[in-house]
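Presented below is the structure to which this report refers.
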Amino acid sequence: MANTILSSGVRNNLLTLQKTTSEQAVLQNRLATGRKVNSAIDNPVNFFTAQSLNDRGSQLSGLLDGISNGIQTIQAASKGIDGISKLVQSLQSTVKQAQADAAQNRPTVIGTGTALAGPAETQATNKSLKDIALDKRIGSAGDTTVTAATAGAAGDLGIDVTATPALNIQITTGPVGAPTSTTNIGVTLTANTTVRDVVNAINASGVATAFVDEKGLLNVKGIGSETLGVGIGAGADAAAATTASSTGAQSAAFGLNATDRTTGIASSGVTSAVRSNLIQQFNDLRTQIDQLAKDSSFNGINLLAGDRLSIAFNEKAGTNQTKLDIQGTNLTAENLGIPQAINTQLAGFFNFQNDLDLEKATGSLSNALTSLRSLASTFGSNLSVAQTRQDFTKEMVNTLTTGADNLVLADSNEEGAKLLALNTRQQLSQTALSLASQADQSVLRLFS
């Protein structure tokens, strides 16, 4: 078939019309997809750059789920610490209740009543045995004679305050021969030092309490339930007085026995019913600490059971990866330094019948709260980091997406205007083609 020969005018207008139609198709595709770069053919650089940005944005979006789970894991541990702190505070209240009830088993050293005051002195002074005993002087200068109280003199215990001006009261607690605590209370003797001064010195020590009862007897009571030893000695100096008190050399002058120091006085063994009832309450609360810690997990990870949490913050691997590693701790009552409570004296337990053990329990619970606050602060810091990185990652994903869109998305207003211009050009091209065809038809009329 022979090729159809078109005139130059028709061919030029046809080519223009075809080009316009092609451009219209491109613009219509951009408006339909909303993108000016739909394939590498459109713009290789923008296409692959946008694809890389979108890929990274997708990877970071995938990390957001892990970051969110990590945040919830930290919050679960923090809630657990809050709950455990409240349990420890309840334990403190239980210990305070026990302390409010007086201990029944404190060992007490009681004087024999043969030295401090007697009935004859009450008649001579018209004072009570208690007041007579408290007002008696320890001794006088250069004299070891024991003198009774009279209407004009307080009397003394017969210690030479010149030869032995140092007095020492030695108080021990614990097993005889191997006491757990030894306290030496020194008193400087003068001619005016009285039994009252010695009583006050013992009370000020904090390791025992002393008083003179209505019978005029010196009483020294321990603040715990351990065996109590009390010895009084006098010497030329503090060292000599301490040595003398270790055997109770001057104990008899105060109506005490030397064996009160060497053998000691054991606990009465009587228990407080109130304190006994509080033991179960204490141990139940203690058990709840362990159980609450075990329940503080999220998605299989429990930072209060020693688990490790790792939160990835970027899409890279190896040394280029940024992440947050959080090592949990095995949080138990035992690890917090809170042993069980019992009714007897046994190493590694709190004896609720012993005031000293209750004081130890108070200190241990305070230390436990300090440890919990420190741990809560650490988790709070980690939580802040994770939340900051979560916000940053969201913003980074938005930045990457926006950047990719700027490279490939079409401006609908611009593309619409171009399409409208092309439509107008198409109509003009069709008109021009029609005019060119009419010129060819005018040649045919010459042969008609």
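Within the model, atoms CG of L383 and CD of Q72 stand 9.0 Å from one another, a figure rounded to the nearest 0.5 Å.
Side-chain atoms of T332 and D290 include no donor-acceptor pair closer than 3.5 Å. No donor-acceptor contact under 3.5 angstrom links the side chains of T190 and N192, judged on distance only. Between the side chains of D101 and Q97, no donor-acceptor pair of N or O atoms lies under 3.5 Å. Side-chain contact check for Q291 and Q288: at least one donor-acceptor pair (N or O, by modelled atom type) lies under 3.5 Å. Inspection of the D325 and S310 side chains reveals an N or O donor paired with an N or O acceptor under 3.5 Å. There is a side-chain donor-acceptor pair under 3.5 Å between N351 and Q345. Residues S276 and N343 have side chains that bring a donor and an acceptor to within less than 3.5 angstrom of each other.
No donor-acceptor pair closer than 3.5 Å links the side chain of S377 to the backbone N or O of R373. A distance-only check finds a donor-acceptor pair linking the side chain of N382 to the backbone of T378 [under 3.5 Å]. A donor-acceptor contact shorter than 3.5 Å is absent between the side chain of N335 and the backbone of L331. E121 contributes no side-chain N or O that, together with a main-chain N or O of T150, makes up a donor-acceptor pair within less than 3.5 Å. Remark: side-chain polar atoms of S205 are paired, donor with acceptor, to backbone N or O of I202 under 3.5 angstrom. In this structure, the side chain of T388 engages the main chain of S384 through a donor-acceptor pair within 3.5 Å. Side chain of Q353 to backbone of S272: a donor-acceptor contact under 3.5 angstrom is found. At distances below 3.5 Å, not a single donor-acceptor pair connects side-chain atoms of S68 with backbone N or O atoms of L64.
The shortest side-chain heavy-atom distance between L303 and F298 does not fall under the 4.5 Å cut-off. For the pair L157/V195, a side-chain contact is recorded, criterion being any heavy-atom separation below 4.5 Å from C-beta on. Side-chain contact between F350 and L358: absent, with no pair of heavy atoms (C-beta onward) separated by less than 4.5 Å. For the pair F392/I67, no side-chain contact is recorded, criterion being any heavy-atom separation below 4.5 Å from C-beta on.
The neighbour count for K127 NZ, taken as heavy atoms of other residues, nucleotides or ligands under 6.0 Å away, is above 12.
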Inset, instruction - Kindly determine whether N257 and T259 satisfy side chain to side chain donor-acceptor pair (under 3.5 Å), including the steps that lead there. - result: CA-CA 5 Å; N257 298 314; T259 55; 4.7 Å; no
Inset, instruction - Kindly indicate, with the supporting measurements, whether the criterion side chain to side chain donor-acceptor pair (under 3.5 Å) is fulfilled by N302 and S296. - result: CA-CA 6 Å; N302 189 347; S296 300; 5.2 Å; no
Legend entry - CA sep, side-chain torsions, deciding dist, call: L228, T108, side-chain contact (heavy atoms from CB on, under 4.5 Å): CA-CA 7 Å; L228 176 68; T108 303; over 6 Å; no
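Within the structure, side-chain hydrogen bond (donor to acceptor under 3.5 Å, both in side chains) contacts touching residues 159-187 (residues at least two apart or in different chains) are N168-N184, N168-S245, Q170-N184, Q170-R261.
The side-chain hydrogen bond (donor to acceptor under 3.5 Å, both in side chains) search around T112 returns T114, not counting sequence neighbours.
Between V230 and I169, the shortest heavy-atom distance links the atoms CG1-CG2, 4.4 Å.
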